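These notes concern the structure reproduced below.
Just so it is clear, the model here is predicted, and its values are computed rather than measured.
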Amino acid sequence: MRLLVTAQLARVADFIPAVLFTLLLARMIGPGPYGVYAIITTSTYLAGAVLPPSLVDLFGRHLAARPGRTRSIVGTALLARLPMTFIGSVALLGYLVTLNKVLLSSADLAVALVVFLTLEASNFLQAVAAGSLAYRSLGWARLAGRSLSLFALVGLYLTGSLNITAALLALAAGSLLTALWCTAPLRRALAASVSLAPDDLPAVRAAKDGAGREALGFGIRAWPAALLTLGLGTQKDVLLLSAFGVAPVAIGAYSVAATLTVQLNLLLVGGWAPAALPLLSRLRHEGRSINDQWRSYVGLWVLLVVPAYIALAVGAPTVVGMLLGGDYAAAVVPILVFAAGQSIAAIFGGTINQVALLASDRIGVVTFARVVAVSANIALAVVLIPRYGPLAAAAATGGAVIVDTVIQYAALRQLFGFHLPWRRINAVLACVGFGLVAMFTARALGASPLARSAAYCSAAIGAATIAWLAMRHRGSRRQRAARDMVV
């Protein structure tokens with residue numbers, strides 16, 4: 001649990017300056033230029049994300065389980081990634097030149113390439129740090145990089161030299177600092193790999209010299225599922241909206257809505273959920289069941305995600321108006337759609353389903369779920385975007401996330417007998433329901449402080465009662481299980 005908390009704190013360290021950077025830049029340059037900026041950054045991100053192998057899955061599943069083979073695993077992955085990086089840079093420039101040559105200058109194209117290369121280095125080293133469970137160093141690296149980008153942005157604005165190119169350079173500077181910072185855990189992991197003796201770690205002594213090739217093979221097999229994951233993200237929506245001729249102002253509003261919802265997810269679960277992969281992989285490697293851990297993680301996921309997204313949906317007009325101003329009012333509806341999709345998906349396990357399947361080496365199931373969900377997503381987006389614009393993109397993506405999650409849960413239930421912790425889920429939903437009833441009742445009763453206090457106190461008492469009953473049932477179930485074991 002301490003490792004999961006450290007991983008989540010590392011993500012929070014990345015979240016705060018990242019959100020501030022996005023919000024400040026969106027307000028400083030306006031919806032139109034921000035839409036162009038979103039097209040460039042989305043293109044650079046996708047150019048790296050579509051390349052094999054899947055680094056996060058490769059390092060997450062093998063580095064923690066085989067710390068003595070770090071040099072072989074990292075070296076093989078690096079050799080496989082370098083030619084892919086060259087291909088990605090060529091494809092990125094070709095895409096930007098052919099599709100968006102009217103919007104971008106030569107300087108923008110050159111800086112986009114710099115951003116791509118720094119992101120590649122940063123993502124590779126961050127994946128190594130996460131796979132090595134060096135989450136404390138990873139958190140400091142992310143905080144330092146994001147803070148540098150944020151301070152550079154503010155400095156450019158105060159000096160009157162802020163534009164799209166300058167903002168991209170600020171982003172690249174932060175990525176470069178993160179990459180340099182992450183070399184420290186890499187050096188430690190490599191040193192430990194070299195210094196391990198056969199008597200110190202029997203598992204390493206028995207391992208074959210082809211550990212790097214084995215890890216690379218897993219990364220390549222996991223790559224189709226990771227590639228299809230992009231079809232469930234909002235980055236491809238920005239490109240589709242641009243391809244269908246949607247105005248940059250609308251794309252900027254949609255991109256802000258997507259960024260807020262995604263960053264909220266990262267704030268809540270974006271750190272500890274990926275960190276569960278090496279932990280569950282280690283349990284599977286030892287031949288132990290992960291059913292109980294999966295149920296605990298799902299219960300925690302629902303507890304964190306559902307109330308937060310419902311609160312975001314209820315307060316979306318206020319949040320957008322306060323943080324971004326009236327120019328981004330079009331972002332409210334996509335936020336509502338994204339919040340609904342993420343809440344429903346969380347009830348059926350969220351990303352924890354994928355983590356459990358990868359830890360169990362069931363990559364084919366994840367790939368199948370992604371194929372179905374992404375196919376439906378792209379088909380609906382292509383048909384509906386020309387008529388409904390960003391709303392269609394948000395609805396198609398939100399629905400696809402739900403379909404993907406439900407298919408993976410059905411597979412876990414069929415293959416391993418997993419069952420959702422419905423009592424805990426229902427307790428969370430009931431507490432959220434009490435909160436919503438209290439809020440709308442207080443609004444209906446007017447501005448009376450006494451009436452509002454009574455409504456909120458009633459909701460708190462009801463929510464606390466439900467939570468107590470759920471925990472009491474859980475405790476009594478454990479006591480019965482203990483008695484049965486004694487008998």
Side-chain angles (χ1 to χ4, degrees), residues 7-31 33-35 37-38 40-42 44-45 115 119 122-123 126 138-157 162 164 166-175 177-178 233-235 237-238 251-274 304-305 307-332 334-339 342 351 394:
Q8 188 57 39
L9 290 177
R11 177 56 65 183
V12 172
D14 178 56
F15 166 81
I16 297 175
V19 170
L20 289 176
F21 183 90
T22 299
L23 296 178
L24 290 177
L25 179 61
R27 297 204 66 163
M28 289 174 180
I29 65 177
Y34 185 80
Y37 171 85
I40 299 175
T41 53
T42 300
T44 56
Y45 169 78
V115 172
L119 283 177
S122 176
N123 291 336
Q126 287 186 63
L138 181 59
W140 285 112
R142 288 172 172 171
L143 178 61
R146 294 289 191 181
S147 299
L148 176 61
S149 297
L150 180 60
F151 291 144
L153 178 69
V154 174
L156 291 169
Y157 177 75
L162 179 61
I164 297 175
L168 291 172
L169 286 174
L171 181 64
S175 299
L177 179 59
T178 301
T234 57
Q235 293 87 358
D237 294 339
V238 173
I251 295 177
Y254 181 86
S255 179
V256 167
T259 300
L260 287 176
T261 53
V262 170
Q263 291 295 334
L264 178 60
N265 186 280
L266 294 177
L267 173 65
L268 298 171
V269 296
W272 68 265
L304 295 174
V305 170
Y309 272 109
I310 291 179
L312 176 63
V314 173
T318 303
V319 172
V320 171
M322 180 177 61
L323 297 179
L324 299 168
D327 294 337
Y328 289 90
V332 172
I335 288 177
L336 297 178
V337 177
F338 288 140
Q342 291 291 340
T351 308

Between CG of Leu312 and CG of Leu260, what distance do you get to the nearest 0.5 Å?
7.0 Å
If the condition is side chain to side chain contact (heavy atoms under 4.5 Å, CB included), which residues does [X] pass it with, not counting sequence neighbours?
X      : answer
Ala311 : none
Ser175 : Thr118, Leu119, Ser122
Ala166 : Leu156, Asn163
Ala258 : Thr234, Phe338

Compare all side-chain heavy atoms of Asn265 with those of Gln342 and state whether any distance is below 4.5 angstrom.
yes
Side-chain contact test, heavy atoms from C-beta onward, threshold under 4.5 Å: evaluate it for Ser147 versus Phe151 and give yes or no.
yes
Would you say [X]'s side chain and [Y]'s backbone share a donor-acceptor pair under 3.5 angstrom?
X      : Y      : value
Thr259 : Ser255 : yes
Ser149 : Ala170 : yes
Thr44  : Val115 : no

Side chains of residues 314-331: which donor-acceptor pairs under 3.5 Å do they make with residues two or more places apart or in other chains?
| from | atom 1 | to | atom 2 | distance (Å) |
| --- | --- | --- | --- | --- |
| Tyr328 | OH | Ala26 | O | 2.8 |

Results of ring pair (Phe, Tyr, Trp, His ring centres under 6.0 Å) for Tyr309 - residues two or more places apart only
none
